[in-house]
Amino acid sequence: MLLELSEEHKEHLAFLPQVDSAVVAEFGRIAVEFLRRGANPKIYESAARKLNVSSDTVQHGVEGLTYLLTESSKLMISELDFQDSVFVLGFSEELNKLLLQLYLDNRKEIRTILSELAPSLPSYHNLEWRLDVQLASRSLRQQIKPAVTIKLHLNQNGDHNTKVLQTDPATLLHLVQQLEQALEEMKTNHCRRVVRNIK
Amino acid sequence: MELSESVQKGFQMLADPGSFDSNAFTLLLRAAFQSLLDAQADEAVLDHPDLKHIDPVVLKHCHAAAATYILEAGKHRADKSTLRYRIYLNIHLFSNTNLMISISVLKMETELWLFFFLSSSTYLEDCKFDRERIELFCTEYQNNKNSLEILLGSIGRSLPHVTDVSWRLEYQIKTNQLHRMYRPAYLVTLSVQNTDSPSYPEISFSCSMEQLQDLVGKLKDASKSLERATQL
């Protein structure tokens, strides 16, 4: 699958051959940092001064590079496809190799960052448990009522929240049985066939 | 068992054969148990033809007294002998206005046994009249003891209680931000019951296979330690 690059995108990337490879590598680093932490206009300004071009040009260059990397990572295109897509830009052999290397080195991390953008539910983080026995209450003395107290740690969009819950021994065994069945499902033929065939 | 004067008076009236004959006594007692234990019992529980000849105010007072007595006995898990003894004390010891014994004395059982034997023989004679009623009360109480204890045990506040779990296994293919994901994920939902209004009826979370294995491992540890505790 080839990447379709718009005209504007090609224009922005046209800045790259005008600088030497060390600078392109630096731009690559800035691009990944941009994905990790967001834009930093000061860096654009200092780079623009050093290279003697407007900061807009630098910004467009970095953004173009960022978009190239994210689209490639998102679609998980092969090396060959990447090379063919970039070939359209008419860059030198050396620059193409540099861009490919940049893509391959950062692909995994970019995919992790992109996966955080997906709609998500609270996800499991940790579980703590404690065994308790209720001996008496205001309305009834001399009881023996076992219970398991559970603290469930969940993560949602970076916030960590905890829920304290309780259950009785019978329900605990039921929970364990049900969730073990859930794990077993992944090993059935049906699931294995699906995993094998959807690639 | 600490009971107010009003309750004790009501109970004494109940024991008096002049106010309540045998049949009425039994009916009122059964009505008291029914209104406590039967979830659908309504106010008509006292509307029995055999109770019509009794003043409704007295009827209500005695019904309330009997119900309070039953609850107190249930709360303290009174057994048959304790019950017999305490009913006897409440009916007889307090009906004689010459004796001034405070409620705190009731708690010192050994001293009271002593008092009981030293007191006049009229008490022992009197008790013959009401032995039948005491036995009746104890029998009714025994019959309803389990339901009563279950009812009392279910009252009270506790943490949100997990009642069930449901899960969903999915295979993630792509999102609009990320194509070619190809990984399995689980969505687990815990059904939770709250003693107050249903504040969080359900807790849902997603997890990967490894995370679910971790969760199941921890729950299995908990159930193993539960088993070990029961064997100690």
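The structure displayed is predicted, hence computed values, not measured ones. Convention: sequence-line order gives letters A, B, ...; per-chain numbering from 1.
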Under 4.5 Å from any heavy atom of chain B - which part of [X]:
{"X": "A:Arg111", "value": "both"}
{"X": "A:Asp168", "value": "both"}
{"X": "A:Ser123", "value": "both"}

If you count heavy-atom pairs under 4.5 Å with chain A, which of [options] comes out on top?
{"options": "B:Ser223, B:Cys207, B:Ser208", "answer": "B:Ser223"}
{"options": "B:Thr175, B:Leu212, B:Thr230", "answer": "B:Leu212"}
{"options": "B:Ala222, B:Ser225, B:Pro184, B:Ala229", "answer": "B:Ala222"}

Quick one: which residues of [range] reach chain B at under 4.5 angstrom, heavy atoms only?
{"range": "residues 173-181 of chain A", "result": "A:Leu173, A:His174, A:Leu175, A:Val176, A:Gln178, A:Leu179, A:Glu180, A:Gln181"}
{"range": "residues 95-110 of chain A", "result": "none"}
{"range": "residues 183-197 of chain A", "result": "A:Leu183, A:Glu185, A:Met186, A:Cys191, A:Val194, A:Val195"}

Tell me, for [X] versus chain A, whether the close heavy atoms (under 4.5 Å) come from the side chain, the backbone, both or neither.
{"X": "B:Asn176", "value": "backbone"}
{"X": "B:Leu71", "value": "neither"}
{"X": "B:Thr163", "value": "backbone"}

Is the shortest side-chain N to carboxylate O distance from B:Lys224 to B:Glu227 below 4.0 Å? no

Between A:Glu45 and A:Arg49, does any NZ, NE, NH1 or NH2 come within less than 4.0 Å of an OD or OE carboxylate oxygen? no

Quick check on [X]: does its [atom1] atom have over 12 non-hydrogen neighbours (other residues, nucleotides or ligands) under 6.0 Å away?
{"X": "A:Glu94", "atom1": "CD", "answer": "no"}
{"X": "A:Lys10", "atom1": "NZ", "answer": "yes"}
{"X": "B:Lys220", "atom1": "NZ", "answer": "no"}

Look at A:Leu154, A:Leu127, A:Thr149 and state which one has the largest set of heavy-atom pairs under 4.5 Å with chain B. A:Leu127

Using distance alone, with no hydrogens and no angle criterion, decide if A:Tyr124 and B:Asp214 have a side-chain donor and acceptor under 3.5 Å apart. yes

Distance (rounded to the nearest 0.5 Å) between B:Glu140 CD and B:Phe33 CZ: 6.0 Å

To the nearest 0.5 Å, how far apart are OG in A:Ser73 and CD in B:Gln177? 12.5 Å

[Y] side chain reached by [X] side chain, heavy atoms, under 4.5 Å:
{"X": "A:His153", "Y": "A:Glu128", "result": "yes"}
{"X": "B:His63", "Y": "B:Leu28", "result": "yes"}
{"X": "A:Thr66", "Y": "A:Leu35", "result": "yes"}
{"X": "B:Met181", "Y": "B:Ile173", "result": "no"}
{"X": "B:Thr189", "Y": "B:Phe205", "result": "no"}
{"X": "B:Arg77", "Y": "A:Gln143", "result": "yes"}
{"X": "A:Val62", "Y": "A:Ile43", "result": "no"}
{"X": "A:Leu68", "Y": "A:Leu5", "result": "yes"}

Evaluate the ring planes of A:His12 and A:His60, with Trp represented by its six-membered ring, and classify them as parallel (under 30°), tilted (30 to 60°) or perpendicular (over 60°). parallel

Any residues in residues 149-159 of chain B near chain A, with a heavy-atom distance under 4.5 Å, and which are they? B:Glu149, B:Leu152, B:Gly153, B:Ile155, B:Ser158, B:Leu159

Take A:Lys151 and A:Asn126 through the test side-chain hydrogen bond (donor to acceptor under 3.5 Å, both in side chains) and record every step on the way to the result. CA-CA 8 Å; A:Lys151 195 171 191 181; A:Asn126 194 11; over 6 Å; no

